[in-house]
Amino acid sequence: MWLTKHFKTLLSSCKQKSTLSKIHALLITSGLFNQRNPATKLISSYAHIGDIKLARQVFDELPQRGIDAWNAMIVAYSRMGFYSEVVDLYWKMVSDGLKPDSSSFTVTIKACASLCDFEMGEEVWHQAVEYGYKDDDFVACSVLNLLTKGGKMVEAKAVFEGMKRKDLVCWTTMVTGFAKIGQGMESIGVFREMQRHGMEGDGVVMLGLIQACTDIGDMKMCLSVHGHLIRRNLQMDVVIHTSLVDMYAKNGHLGVAYSVFCNMPQKNVVSWSALISGYAQNGFAKEALELLIEMQRVRCRPDSASLVSALLACSHVGYLKKGKSIHAYILRRQEFEHVSSTAVIDMYAKCGVLSSARVLFDTISCKDVILWNTMIASYGIHGHGKDALSVFHEMIKTNSVPDDATFASLLSGLGHSGLIEQGKHWFNEMINRYKIEPREKHYACVVDMLARAGKVEEALDLINSMKIHEAGNGMSIWAALLSGCHNHRKFSIGELAAKKVLELQPDDSGIYSLVANFFASAKKWKEVGEVRNAMRKAGMKKVPGYSMVEVKGKLHAFLMEDKSHYQYEEMVMIIEKLDHEMRSMGYTPKTEYVLHDVEEEVKVRMLSFHSERLAIAFGLLNTESGTKLVITKNLRVCGDCHEAIKYISKIVDREIVVRDVKRFHHFKHGVCSCGDYW
DNA sequence: TTAGGGTTAG
């Protein structure tokens with residue numbers, strides 16, 4: 001007995017492999033090897049110094065294995081992150097006829113959670129209940145981790161409420177769990193309850209709260225959590241600071257995000273990425289790309305997340321040259337993993353080079369659903385509905401399972417190409433064959449494809465017949481109908497849609513513009529004024545339209561009637577010359593696209609100086625004849641510009657590509673690829 | 001229990 005204890009103490013203090021081996025040998029020669037305590041301790045000791053193979057060897061050589069030895073081995077695997085081995089060993093133990101205890105259950109359930117094998121985890125949990133560990137708080141804590149990781153917060157809450165002793169880790173798991181599935185208010189509620197129970201939170205629970213605020217997007221809440229951190233004088237490490245940067249940036253408060261970022265005592269690649277992605281996601285592409293350069297200047301090496309965010313910025317503004325250089329950089333660094341290749345494909349497609357997107361797509365052998373969706377969406381935005389459909393067929397052939405986003409992209413692509421029958425067919429297939437419940441976005445696609453083709457009555461019938469189970473007020477559906485009514489001058493249904501849209505109180509200035517445009521085209525100036533008032537009331541400003549064009553690798557942006565530009569006079573001359581030629585060919589300005597109730601002559605001039613025309617004029621001035629022009633616009637290209645650019649492409653004999661907020665228009669020899677399903 | 005990144009309507 002004394003000797004056994006002595007060996008145990010000796011093993012505990014032993015940190016070197018050579019000494020461990022000697023003790024191992026001594027144990028064998030003294031005949032104490034098969035005694036429970038020293039053998040178990042030997043397994044843990046080998047695991048502790050990282051030699052899992054020797055630990056397993058000891059375990060395998062034991063003539064008799066008690067529960068302690070099994071648990072020691074299970075824990076050893078778990079410590080090393082070998083979770084599959086943990087689960088394997090657990091089942092071996094059960095089939096050997098041993099009765100698992102609290103430790104075996106706790107560790108195995110944790111392993112299942114780490115493997116994201118929720119089914120297996122719940123099976124082990126049921127066994128724990130059978131064996132009488134229902135009320136064991138250690139097991140419950142592990143189960144909590146399993147359930148929250150799987151997003152099953154209702155079940156998690158039930159387990160949590162049944163726990164007798166709730167420690168900080170359990171409370172944190174609940175706070176973080178709710179935050180992760182986007183239930184920010186619930187998350188904050190749990191935190192408040194935790195405070196009522198007299199628990200003081202640490203940095204980890206605050207991270208969960210920051211995540212909840214990121215999701216809720218309420219600035220007051222964000223500031224209050226940030227204030228709480230400062231008041232309580234909690235240790236603010238790089239992880240917390242980075243989360244704060246992300247929280248402010250994701251909610252569009254880039255100034256605050258930037259100032260938190262600047263005041264960080266330590267920054268790492270994740271902090272830089274959070275800020276870059278914030279700028280990119282909010283449409284500040286230039287700033288995002290400048291930050292990517294700045295981080296390299298201070299010797300912080302961008303990783304794939306930072307590069308993906310930078311690529312997103314390039315996609316946003318159509319900055320092909322920069323996008324290409326990031327692609328080259330990724331290739332040089334040989335870190336071309338899945339996520340970044342999807343982002344590169346998206347970038348090429350959104351910068352107008354569909355062929356490069358396709359070439360890259362074909363080189364990827366193992367395609368996941370997002371990659372397939374990206375390629376389908378890419379064809380869709382370029383108006384290549386048939387190609388989108390053929391990629392979809394390929395996808396099915398390789399046994400990939402399409403998801404709701406696949407159908408959103410496919411339906412939108414078919415609609416933009418005017419393939420209405422195909423669109424209706426696949427909408428029905430989605431519901432009946434693939435059992436995907438249509439969501440608002442799917443209805444919006446189908447309504448859009450019908451309304452775009454002038455079939456507004458059919459679209460209205462569909463709206464009246466649909467049942468939406470998903471949360472959503474149907475705003476986008478009515479907006480799609482309204483847009484079709486606007487283009488096809490269907491004023492009575494249009495008015496119905498416009499009223500519906502206003503009733504639903506849009507939070508997007510683009511939608512207000514759509515309604516105002518509709519009333520303006522119907523010459524209902526009183527209503528136009530009312531929309532403006534409603535917009536002001538909702539605290540919304542009209543987003544100024546701007547267009548961008550890449551000339552000799554540099555990006556140039558233009559606002560409507562942008563007189564400040566150094567080449568303004570030359571651009572005016574080109575526009576006037578083109579106008580003259582267009583008119584002689586039969587073009588008449590569609591002045592209904594001008595919102596203001598002003599003189600006809602002024603309207604004509606306003607149309608001629610829309611930002612896309614300035615960008616085209618600048619492109620024509622500064623590129624060789626025959627060069628393709630790619631313009632990116634932040635709003636929808638107006639009906640008059642669409643018509644005018646057709647003429648311009650013929651007069652100057654150039655291919656002009658205009659990408660507006662959602663799709664591409666390829667103009668060549670006086671026609672647009674969209675076949676005027678614009 | 002611990003931060004950032006890819007597709008999806010108008």
Whole-Å distance between [N] [atom2] and [X] [atom1]?
X	N	atom1	atom2	result
A/K633	B/dG10	NZ	C1'	15 Å
A/M430	B/dA9	CE	P	14 Å
A/D448	B/dT8	CG	P	15 Å
A/E200	B/dT1	CD	P	22 Å
A/I345	B/dT8	CD1	P	13 Å
A/M247	B/dG4	CE	C1'	15 Å
A/I477	B/dA9	CD1	P	14 Å

**Asked** With a 6.0 Å cut-off on ring centres, are A/F361 and A/W372 close enough?
**Response** yes
**Request:** Kindly determine whether A/F160 and A/W171 satisfy ring pair (Phe, Tyr, Trp, His ring centres under 6.0 Å), including the steps that lead there.
**Result:** CA-CA 9 Å; A/F160 181 69; A/W171 283 101; 5.0 Å; yes
**Asked** Would you call A/K424 and A/E458 a salt bridge, taking side-chain N to carboxylate O under 4.0 Å as the test?
**Response** yes
**A/E503/A/K499 salt bridge by N-O under 4.0 Å criterion** = no
Counting the atoms with a prime plus P, OP1 and OP2 as sugar-phosphate, which does [X] contact under 4.0 Å by heavy atoms, base, sugar-phosphate, or nothing?
X	answer
A/D202	nothing
A/S243	sugar-phosphate
A/T172	base

